[in-house]
Structures are given as C-alpha cells and as structure tokens.
There are 2 protein chains.
Amino acid sequence: MPADLRMTPQRREVYEVLRVSHDHPTATDVFHRAKERMPGISLATVYNCLEALTEHGVVRQVNVERASSRYCANLDDHVHFHCEGCGQVVDAMPREDVTAAQLWKLPRGTKVTALDVSIHGLCPECAKANTKSSH
Amino acid sequence: MPADLRMTPQRREVYEVLRVSHDHPTATDVFHRAKERMPGISLATVYNCLEALTEHGVVRQVNVERASSRYCANLDDHVHFHCEGCGQVVDAMPREDVTAAQLWKLPRGTKVTALDVSIHGLCPECAKANTKSSH
DNA sequence: ATCTTTGCTTAGAATGATTCTTGATCTCAT
DNA sequence: ATGAGATCAAGAATCATTCTAAGCAAAGAT
C-alpha cells in the first residue's frame with residue numbers, strides 16, 4: 001500500500017470489498033457491499049475512496065462503453081472481456097507481452113503510457129445458448 | 001449505405017459532418033456543425049441520427065474513459081490514441097491483423113465479436129513539450 | 001495536553017451527457 | 001388518397017458522477 005495514501009477505515013473497507021469481489025462491481029455495488037459492515041458510509045465517500053485508490057494505483061477503474069465505471073483490485077497486466085449475453089466482465093491475461101507500439105502504427109515520438117483493451121463477445125455459456133436457440 | 005437505413009436530410013447532414021471531420025467530434029460538436037447548414041436541427045435528433053448511423057455500422061462510436069462519446073466515420077479496422085496532453089484523439093492502424101484470441105487467454109468456447117483498444121499517452125508534440133519543461 | 005492545519009466524511013445540491021415522452025410530420029406500400 | 005410505422009423537435013426526466021459546505025479526526029506545533 002503506498003505510503004502517501006492514508007488508510008482510513010472507509011478506504012480500507014472499500015478496498016476490502018474490491019479485494020474479495022471478482023465481478024468488477026460498480027461504485028453503487030461497492031457502496032451496498034461496504035454498507036453491510038459499515039452502515040454509515042455514504043455513496044460520495046465510496047466515490048472519493050475509489051478515486052483515491054485508483055489514483056494511487058491500488059485498484060483499476062474499468063470502463064465499458066458508457067455504462068457505470070467498474071472497479072477491480074487485480075493489478076496484474078490484463079484486459080477485460082465483456083459478455084454481450086449475460087453482461088459479466090471477466091479478466092483475460094495476455095499470452096505474452098503485448099505493447100501498443102508493436103501492434104499499431106503510431107507517429108514517431110509518441111509516448112505510450114497505457115494500453116486499454118476491451119474484448120466484446122459471448123462467454124462460452126452464452127455462446128452455447130445462442131447456438132442452440134438459433135436453430 | 002445500408003438499404004434499411006432511411007437517409008433523411010438530418011441523417012445525411014450528420015453523416016456529412018462526420019465524413020469531413022477528422023477530429024472525432026462529440027454529439028454536441030456534431031450538433032453545432034450540423035446547425036450551420038441546417039439551423040432547425042435539434043440535439044435530440046443528432047443523438048437519434050448518431051444512434052441510427054452507429055447501429056447500421058456507418059459510423060463508429062468512440063468512448064474515452066467517461067467523457068462524452070465521440071464519433072468517427074473511418075470504418076477501416078483501427079484503434080484510437082488519446083493524447084493526455086492536448087486531448088486529441090487520433091486513429092492508429094494495425095501493423096498487421098490482430099485478433100484478441102491470439103493475444104489474450106480466453107476460455108475455450110468464447111466468441112469474440114469486437115476488439116476495442118484505446119492507447120493513452122502523449123502525442124509527439126506534447127511529448128517533446130513535456131521533456132523540455134521537465135528540466 | 002491543547003491548538004492548528006490539513007485532509008476526510010457526509011448529505012444533499014448541482015452538473016452534464018444521454019434518453020425518454022409527446023405530439024407533429026413524413027414516407028411508403030396498399 | 002389512406003393508414004401504419006418511422007422520424008423529428010422540444011423539453012422533461014434520468015442517472016452517474018462531481019461539487020459544496022459543514023462537521024470531524026488525525027498529525028504536528030506550541
């Protein structure tokens with residue numbers, strides 16, 4: 001945990017919710033889960049905590065299209081797969097090191113700081129259901 | 001142009017604005033530009049037209065973090081580079097065919113329909129300015 | 001130990017992008 | 001022409017998120 005991030009009870013709780021959740025909850029989801037153990041916490045505080053944690057690189061913000069941001073405590077290098085059937089978001093690990101500059105033509109002198117990839121499609125369950133229902 | 005997309009004057013104008021714009025305008029940007037030649041057009045109509053055009057695959061919606069959606073008439077396979085310095089969004093073409101399944105581990109049976117990549121960083125101009133100012 | 005500064009939390013208001021609603025208008029096949 | 005189904009415009013509504021103001025709490029200075 002970064003030294004310059006003051007770990008208040010609220011921040012600790014928000015982080016703990018994310019640490020044990022593997023479903024990429026939204027701020028509201030986090031709020032409801034945190035509330036179970038810390039009934040006084042407010043949604044604004046959850047937003048503040050998520051912002052502080054994100055800025056300090058302790059959690060990742062995951063944006064899918066225009067929907068509410070989701071959050072994730074998995075800091076390993078990974079991308080997100082969004083199932084268009086059931087809406088779930090799951091992590092996908094790279095097969096090997098992938099860098100943007102290797103894969104896309106960028107003007108000479110461009111500095112890449114982050115590569116943000118979302119894969120859209122159907123998870124195995126939805127893909128199967130889809131095949132069956134379509135004949 | 002898809003046969004099942006009725007090309008009303010408003011849709012034609014919105015499409016035309018995007019065709020001649022290479023700066024990935026937001027819905028509001030498109031609204032202002034369309035208004036110059038079609039003063040009666042409303043923002044709601046621009047949103048409706050953008051939705052219709054997007055659904056028919058004639059334009060692409062580009063989402064950058066939580067900011068307003070941007071739109072783009074470039075249908076070639078490409079990704080978007082976002083400069084954190086000046087905020088511009090530019091297209092980047094793939095060096096060769098890139099498929100999600102090749103690069104990331106996905107559960108067996110996953111069906112991929114779209115790969116959405118945003119590269120964040122500094123464009124050559126901002127990168128240069130940044131280096132200079134930092135010493 | 002108390003004062004002060006600074007940052008955190010809270011509730012509620014405000015913002016801003018987008019979507020919805022309604023009634024008018026248009027298109028096109030019958 | 002006529003009627004069904006789209007589309008348009010204006011404004012209201014929604015929803016995620018951010019801002020504001022006031023109270024609190026911790027860390028350091030006196």
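In what follows, chains carry the letters A, B, and so on, assigned in the order in which the sequence lines appear, proteins first and then strands, with residues in each chain numbered from 1.
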Spacing of Phe31(A) atom CZ relative to dA11(C) atom C1', expressed in whole Å: 11 Å
With no hydrogens and no angle check, is any side-chain donor or acceptor of Arg11(A) less than 3.5 Å from a backbone partner on Asn48(A)? no
Result for 5'-nearest mapping on DNA chain D, choosing between Thr26(A) and Leu5(B), is Leu5(B)
Salt bridge or not between Asp77(A) and Arg95(A)? Use side-chain N to carboxylate O under 4.0 Å. no
In whole Å, what is the span from the CD atom of Gln10(B) to the P atom of dT27(C)? 10 Å
Within residues 40-72 of chain B, find the residues that approach DNA chain D with a heavy atom at under 4.0 Å, and present them sorted by residue number. Gly40(B), Ile41(B), Ser42(B), Ala44(B), Thr45(B), Arg66(B)
Please report, rounded to the nearest Å, how far the C1' atom of dA27(D) is from the CG atom of Asp4(A). 16 Å
Got a donor-acceptor contact below 3.5 angstrom from the Arg70(B) side chain to the Pro25(B) backbone? no
Do NZ/NE/NH1/NH2 and the carboxylate oxygens of Asp76(B) and Arg60(B) come within less than 4.0 Å? no
Check the distance between dT9(C)'s P and Arg12(A)'s CZ and give it to me in whole angstrom. 11 Å
Quick one: is dC8(D) close enough that its OP1 or OP2 comes under 4.0 Å of any side-chain N or O from Thr8(B)? yes
Whole Å only: how far is the CE atom of Met7(A) from the C1' atom of dT9(C)? 16 Å
Do His82(B) and Glu65(B) touch side chain to side chain, with heavy atoms closer than 4.5 Å? no
So, Arg19(A) and Glu16(A), do they make that salt bridge, N to O below 4.0 Å? yes
